[in-house]
Amino acid sequence: MIKLWTFIKLFYLYLLYWFVGLTQEDFYITKAEYFADLEQYHSAIKYYKKALEEEEIFRVYAMIGWCYCTLEEDDKALKYYRK
């Protein structure tokens, strides 16, 4: 049920991005959060990093660290937590 709800939220996110004008970094951050909800941490990391290309947001570094920690890649997690 959670996966279905998350896919509906992803569809709504795209509608917001295309028709309302959601900012690029907010789009990537929200999309990454939805992928993290689906436990697809590699995809979440990819979109968090795209958000960092748009604007440096320190909360995003912590979220990348959390994803790496969940994947048990502690060295990479520590690198992002320190930023």
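Y48 and F35 fall into different hydrophobic clusters, defined by Ile, Leu, Val, Met, Phe, Trp and Tyr side-chain heavy atoms under 4.5 Å apart, directly or through other members. Both F58 and Y68 are part of a single hydrophobic cluster, where members link through side-chain heavy atoms under 4.5 Å apart. I29 and L22 are not part of a single hydrophobic cluster, where members link through side-chain heavy atoms under 4.5 Å apart. Cluster membership for M63 and Y41, using ILVMFWY side-chain heavy atoms within less than 4.5 angstrom, is shared. In this structure, L78 is not a member of the same hydrophobic cluster as V60, with clusters built from ILVMFWY side-chain heavy atoms closer than 4.5 Å.
Between the CG atom of D26 and the CD1 atom of I57 there is a distance of 7.0 Å, given to the nearest 0.5 Å. Atoms CD and OH, from Q24 and Y17 in turn, are 3.5 Å apart once rounded to the nearest 0.5 Å. The structure places CG of L13 at 13.5 Å from CZ of F7, a figure rounded to the nearest 0.5 Å. Atoms CG and OH, on L16 and Y12 in that order, are 4.5 Å from each other to the nearest 0.5 Å. We find the OG1-CD distance between T30 and E25 to be 10.0 Å, quoted to the nearest 0.5 Å. Here T6 contributes atom OG1 and L10 contributes atom CG; the two are 7.0 Å apart, rounded to the nearest 0.5 Å.
No side-chain heavy atom of T23 sits less than 4.5 Å from a side-chain heavy atom of E55. Residues Y28 and L52 fail the side-chain proximity criterion, which asks for heavy atoms closer than 4.5 Å. Side-chain atoms of L71 and H42, non-hydrogen and from C-beta on, do get closer than 4.5 Å to each other.
Ring pair Y14/F27 is perpendicular by interplanar angle, where above 60° counts as perpendicular and below 30° as parallel.
Minimum interatomic distance between G65 and Y80 (heavy atoms only, all atoms of both residues): N-CB, 3.8 Å. In this structure, A36 and A44 approach most closely via the heavy-atom pair N-CB, 3.9 Å.
Ionic pairing of R59 and E33 is present here: one or more N-O contacts between side-chain nitrogen and carboxylate oxygen are shorter than 4.0 angstrom.
Because its NZ or CZ atom is not both nearer than 6.0 Å to the ring centre of Y34 and within 45° of the ring axis, K31 does not count as a cation-pi partner of that residue.
Open room surrounds NZ on K79; 12 or fewer heavy atoms of other groups in view lie less than 6.0 Å from it.
Y81 contributes a side-chain N or O that, together with a main-chain N or O of W66, makes up a donor-acceptor pair within less than 3.5 Å.
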